[in-house]
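Read the numbers this way: they start at 1 and go in the same order the structure lists the ligands and their atoms. Counting begins at 1 with the first residue of the sequence.
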Amino acid sequence: MNKIMNLFSLEGKVAVVTGANTGLGQGISVALAAAGAHVFGVARRSCAETLEKVNEVDGKFTEVIADLSDLSAIDIIMNEVHKSVDRIDILVNNAGVIKREDAINVSEAEWDLVVDLNEKMVFFLSQAVAKQWIEDKKGGKIINIASMLGFQGGIRVPAYTASKSAVMGITKALANEWAQFGINVNAIAPGYMATNNTTQLRNDQDRNEGILERIPAGRWGTPEDMYGAAIFLASEASAYMNGYTVAVDGGWLAR
Ligand code: NAD
C-alpha cells in the first residue's frame, strides 16, 4: 500500500459498533473490518447478515447480543469483548431509534425510549470505554452517529431531534475533556439514508418526493456511503480532529 494510505489502516485495532445487525451500523462494521479492525458488533438480535458481509471482505467480526435500552448493557459489552481481546481502540455509537408522532401527542414513555438509547447510552458507554483508555494512557477513537436533526428541527420527531442535538453537544463536550488523553471524539451526521429508520418516510409518496427533490445529490444515501467517513474518523488520518460532526448528506445541509 502507498505509505500515505497507511494513515487509514485499522490493522490490529479493535472496534465496537453498536446497532451492527442492519443499516448504517452494518455498513460501518463492514468498512472498519475491511480496513483491518476486528469488529465487535452489538445488537439485540443476530448479526448473521453482517457477519456474512464482513466475511466477504475477509474481515473479522464477533457478535455481542445486548439490549442498549438499559445501562446494564455496558457491563455485558465490556465483559464479552474482554473475553477475547484486552482492549478496545474504536467505539462507534450507532444504535438509535426514531419514533414519529405529533409533538402534542408524545408520551413520556416514548420520549424516554428514544432519549435513553440515543443520548444517555451514548454518553455512558463512551465514559466506560474512555475510563480504560485514560487508565492505559493509550487514547482511542469515539464516533457518534448524529443526524440532520442536530442541525434542524424535523417534523413529528421531537424526542429524536432533542437526542441527536444532544449527540452533537456530547461530542463537543467529551472532545474538550478527553483530547488531552489522545482520545478523538467526533460524529457523523448522515443525511437521508435508505434504511429501516426511514422506511415510513420513503413509503410516503409526498414526503419521499419532497426529500429527494431537496437532496443535491438526487438520491437517498446508503450504508456504503458511510464507509469513507467512518474509516477516516476511526484512523490516524483524523488524529487532529476533535469534537466535529461531519455531514454525509449528499449536500442536504448545503441547501
Ligand atoms: P436502523 O433502524 O436500520 O438501525 C438502528 C440500529 O439500532 C439497529 O441495528 C437496531 O438493532 C439498533 N437498536 C435499536 N434499539 C436498540 C436497542 N435497544 N439495543 C440495541 N440496539 C438497538 O436505522 P439506521 O438508519 O441504520 O440507524 C443507525 C443510526 O443512524 C441511528 O442512530 C440513526 O438515528 C442514525 N441516522 C439514520 C439516518 C437515516 O436516514 N437512516 C439519518 C441520520 C441518522
Participant: Quick one: are S126 and I170 in side-chain contact, heavy atoms under 4.5 Å?
Facilitator: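 No, their side chains stay 4.5 Å or more apart.
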Participant: What part of A66 sits under 4.0 Å from ligand 1 if we count only heavy atoms: the side chain, the backbone, both or neither?
Facilitator: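 The part of A66 near ligand 1 is the backbone, not the side chain.
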Participant: Measure from atom 29 (C) of ligand 1 to every heavy atom in N94, N21, D67, V248 and give the option owning the shortest one.
Facilitator: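 Of the listed residues, N94 has the closest heavy atom.
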Participant: For the pair K60 (side chain) and G36 (backbone), establish whether a donor and an acceptor sit closer than 3.5 Å, ignoring hydrogens and angles.
Facilitator: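 No, because the side chain of K60 does not come within donor-acceptor range (under 3.5 Å) of the backbone of G36.
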Participant: Enumerate the atoms of ligand 1 whose separation from the nearest heavy atom of T22 is less than 4.0 angstrom.
Facilitator: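 The atoms of ligand 1 under 4.0 Å from a heavy atom of T22 are 3 (O), 4 (O), 8 (C), 9 (O).
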Participant: Using a plain distance cutoff, I'd like to know if T198 has any nitrogen or oxygen under 3.5 Å from a nitrogen or oxygen of ligand 1.
Facilitator: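 So ligand 1 has no N or O lying under 3.5 Å from an N or O of T198.
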Participant: Could you see which bit of R45 sits under 4.0 Å from ligand 1, with heavy atoms only: side chain, backbone, both or neither?
Facilitator: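 Under 4.0 Å from ligand 1, R45 contributes no heavy atoms.
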Participant: Can you tell me how far the CD1 atom of I90 sits from the CD1 atom of I28, to the nearest 0.5 Å?
Facilitator: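 Going from the CD1 atom of I90 to the CD1 atom of I28 covers 11.5 Å.
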Participant: Any idea which atoms of ligand 1 are less than 4.0 Å away from a heavy-atom of A146?
Facilitator: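 Answer for ligand 1: 43 (C), 44 (C).
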Participant: I want to know if ligand 1 touches G19 in the polar sense, i.e. an N/O pair below 3.5 angstrom.
Facilitator: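 Right, the criterion is met.
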Participant: Ligand 1 versus L117, non-hydrogen atoms closer than 4.0 Å: side chain, backbone, both, neither?
Facilitator: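 The answer is the side chain.
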Participant: Between L24 and ligand 1, does any nitrogen or oxygen pair lie at a separation below 3.5 Å?
Facilitator: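 By distance alone, the answer is yes.
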Participant: Would you check if W178 and N184 make a side-chain contact, meaning some heavy-atom pair closer than 4.5 Å?
Facilitator: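 No. Closest side-chain heavy atoms not under 4.5 Å.
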Participant: In ligand 1, which numbered atoms sit nearer than 4.0 Å to a non-hydrogen atom of I145?
Facilitator: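 Counting from 1, the qualifying ligand atoms are 29 (C), 30 (O), 35 (C).
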Participant: I need the minimum non-hydrogen distance between L113 and K99, along with the two atoms involved.
Facilitator: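 Result for this residue pair: CD2-CE, 3.4 Å.
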